Amino acid sequence: MAAASGGYADILRAPHALRLLVGTLVGRLPNGTAHVAIALFTRAEGGSYSLAGALAAVYGLATAAGQPLLGRAVDLHGQPRVQLPAALVSALGMAWLAAAGIGSLPVAFAAVVVAGFFTPPLEGGLRALWPSVLGREDRVHRAYALDAVAQEVMFTVGPLLVTVLVWLWSPAAALLVINAAGVLGALSVVASAPSRAWRSEPRDAHWLGALRSRGLLALLGAFFFVGLALGSITVAALAYADLHGGDAVYGALMAALGLGALAGGLVYGARSWEGEPEARLRVLVGLLALGYLPLVLVPGAVAMTVLAAVSGVFLAPAIACAFLVVDRHALRGTVTEAFSWLVTTFGVGAAVGAAAAGPAVELAGVPWSFGVAGAGGVAALLVLVATRRVLTVTAGADRPEAGQPVRVSENDRNGAVEPGFSEGRQA
């Protein structure tokens with residue numbers, strides 16, 4: 001763990017690194033807490049649980065639709081011209097909801113669509129900036145792991161922050177404060193020198209954009225199922241807790257899952273890894289699937305909490321490794337869009353998993369709902385194995401033909417980074 005501390009400290013001491021990491025996390029608070037804030041606000045306004053779920057789901061779908069489109073806009077026009085205006089419009093959408101309430105359902109749904117669709121792609125934007133800030137590939141890889149760990153912290157602390165704001169003021173105030181913080185986080189990022197200087201490489205004009213990369217499509221297919229597995233666990237754990245102690249048990253299971261991911265991410269990022277990340281990703285996803293399978297045993301609460309922690313250990317490492325694989329397979333000039341597609345696909349998979357786990361509980365019982373998670377993990381592994389040949393072709397369609405110059409990092413004008421490691425270039 002000392003090695004981990006030293007490695008992460010080395011990253012955070014780099015100019016702009018801490019500001020970019022913290023700014024991105026604060027900027028993503030609205031997205032990470034929206035499902036909780038919208039549900040609490042809807043209930044406070046007298047709406048039903050069904051309405052709260054529907055509004056949260058529409059927000060999620062709108063976010064999924066907007067992320068790759070805004071990511072493409074960032075690649076074309078730069079970060080400041082897209083990220084900050086999007087954050088402002090998204091915050092205005094939530095403010096619209098807070099002011100209008102749920103008296104008019106069309107207005108309420110329109111407000112969450114605006115807030116979700118214009119959620120700025122800060123997550124993809126940060127990953128596009130790391131190579132220009134950190135330089136060496138090993139440091140960037142460690143930053144991806146740190147990013148995944150910080151994301152787990154945000155998703156754990158964010159909902160708690162919303163509940164505190166509701167307790168101190170009101171659900172409407174929570175909506176406003178969280179989204180105001182999101183704007184400030186986005187402002188902190190886009191006002192930084194790396195964000196202002198970053199430019200994507202020129203790209204070929206094509207309506208498919210980043211989706212022309214076969215390697216990226218293979219990865220998206222796998223991580224749809226990883227998201228499905230994680231989304232199903234949130235519902236399956238709730239059903240389990242109803243039979244084994246209620247909210248306290250549910251909180252323990254979710255905390256254990258998050259702590260397992262935190263520990264796994266910290267350990268994974270503490271060292272440099274040999275070999276191709278595509279091969280390493282297959283191993284990590286295989287271990288992730290193996291961790292999900294024992295959940296179908298549904299033992300007592302203490303043992304189940306241990307199993308939940310074990311099941312989370314390989315989540316952050318798999319996500320961090322996937323970031324590196326995305327970078328290697330993103331076509332020139334599409335890196336932010338490619339990262340945004342991964343975020344979108346993972347989120348859609350999580351929504352599908354949550355939707356599938358509910359009927360599994362009602363039709364077959366709690367063990368089968370956890371079986372959805374196991375099946376999702378296995379399916380993700382099968383996709384990676386089936387697309388092995390596609391994923392071994394570094395940089396997908398951008399790989400040079402024989403005798404042509406080898407592509408280097410878009411952030412590395414001197415070719416110091418290994419071919420295929422690309423993110424963007426400095427202006």
Side-chain angles (χ1 to χ4, degrees), residues 15-17 19-32 34 62-96 113-134 147 178-212 323 326-327 330-344 409-413 422-427:
H16 310 290
R19 172 179 177 173
L20 291 171
L21 180 64
V22 173
T24 297
L25 288 176
V26 174
R28 292 181 58 223
L29 267 178
N31 182 240
T63 302
Q67 287 293 290
L69 295 177
L70 291 172
R72 181 178 297 191
V74 167
D75 287 327
L76 291 172
H77 305 294
Q79 294 195 2
R81 293 183 180 181
V82 178
Q83 304 276 38
L84 185 57
L88 287 168
V89 174
S90 179
L92 288 174
M94 280 300 192
W96 184 17
V113 167
V114 170
F117 186 87
F118 287 97
T119 298
L122 292 168
E123 189 173 357
L126 175 63
R127 287 155 199 164
L129 291 176
W130 280 135
S132 65
V133 173
L134 299 176
D147 190 9
I178 290 295
N179 281 272
V183 172
L184 292 177
L187 177 61
S188 176
V189 171
V190 302
S192 68
S195 180
R196 287 185 286 109
W198 183 88
R199 296 293 184 273
S200 175
E201 282 292 305
R203 58 191 281 163
D204 294 332
H206 196 284
W207 68 275
L208 279 176
L211 296 182
R212 288 179 297 140
F323 296 159
V326 168
D327 177 72
L331 301 181
R332 185 182 300 276
T334 69
V335 64
T336 309
E337 181 187 344
F339 279 124
S340 298
W341 271 116
L342 183 65
V343 174
T344 288
S409 169
E410 295 174 3
N411 270 324
D412 182 25
R413 290 174 174 175
S422 63
E423 284 291 353
R425 59 180 172 80
Q426 296 295 93

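These numbers come from a predicted model, not from an experiment. Position 1 is the first residue of the sequence; numbering continues from there.
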> Taking all non-hydrogen atoms of both residues, which atom of Gly125 and which atom of Gln83 are closest, and how far apart?
Replying inline: CA-NE2, 4.1 Å

> So which heavy atom on Ala115 is nearest to which on Thr119, and how close?
Replying inline: O-OG1, 3.1 Å

> With side chains defined as the heavy atoms from C-beta onward, is the minimum distance between Ser188 and Val26 less than 4.5 Å?
Replying inline: no

> Between Gln67 and Thr344, is any side-chain donor less than 3.5 angstrom from a side-chain acceptor?
Replying inline: no

> Hey, what do you get for CD (Glu337) to CG (Leu69), rounding to the nearest 0.5 Å?
Replying inline: 8.0 Å

>> Any heavy-atom pair between the side chains of Val189 and Gln79 that's under 4.5 Å?
In response: yes

> Which heavy-atom pair separates Arg196 from Ala191 by the least distance, and what is that distance?
Replying inline: NE-O, 3.0 Å

> Do Val82 and Pro120 touch side chain to side chain, with heavy atoms closer than 4.5 Å?
Replying inline: no

>> Under the rule for side-chain hydrogen bond (donor to acceptor under 3.5 Å, both in side chains), what residues qualify as partners of Glu123, not counting sequence neighbours?
In response: Arg28, Arg127

>> Taking side chain to side chain contact (heavy atoms under 4.5 Å, CB included) as the definition, give me every residue that meets it alongside Pro30, ordered by chain and number, with sequence neighbours left out.
In response: Ile178, Asn179

> side chain to side chain contact (heavy atoms under 4.5 Å, CB included) with Ala95: which residues, sequence neighbours excluded?
Replying inline: Leu176

> Which residues pass the side chain to side chain contact (heavy atoms under 4.5 Å, CB included) test with Leu126, sequence neighbours left out?
Replying inline: Leu20, Leu21, Thr24, Trp130, Asp147

> About how many Å separate CG of Leu187 and OG of Ser195, when rounded to the nearest 0.5 Å?
Replying inline: 10.5 Å

>> Please give me the minimum heavy-atom distance between Ala86 and Leu70, naming the atom from each residue.
In response: CB-CD1, 4.3 Å

>> So which atom in Ser192 and which in Arg19 form the shortest heavy-atom distance, rounded to 0.1 Å?
In response: N-NH2, 3.5 Å

> What heavy-atom pair brings Trp96 and Val114 nearest, and what distance separates the two atoms?
Replying inline: CZ3-CG2, 4.3 Å

>> Tell me every residue that passes side-chain hydrogen bond (donor to acceptor under 3.5 Å, both in side chains) with Ser90, counting only those two or more places apart in sequence or in another chain.
In response: none

> For Val326, what residues pass the side chain to side chain contact (heavy atoms under 4.5 Å, CB included) criterion, not counting sequence neighbours?
Replying inline: Leu216, Leu219, Ala338, Phe339, Leu342

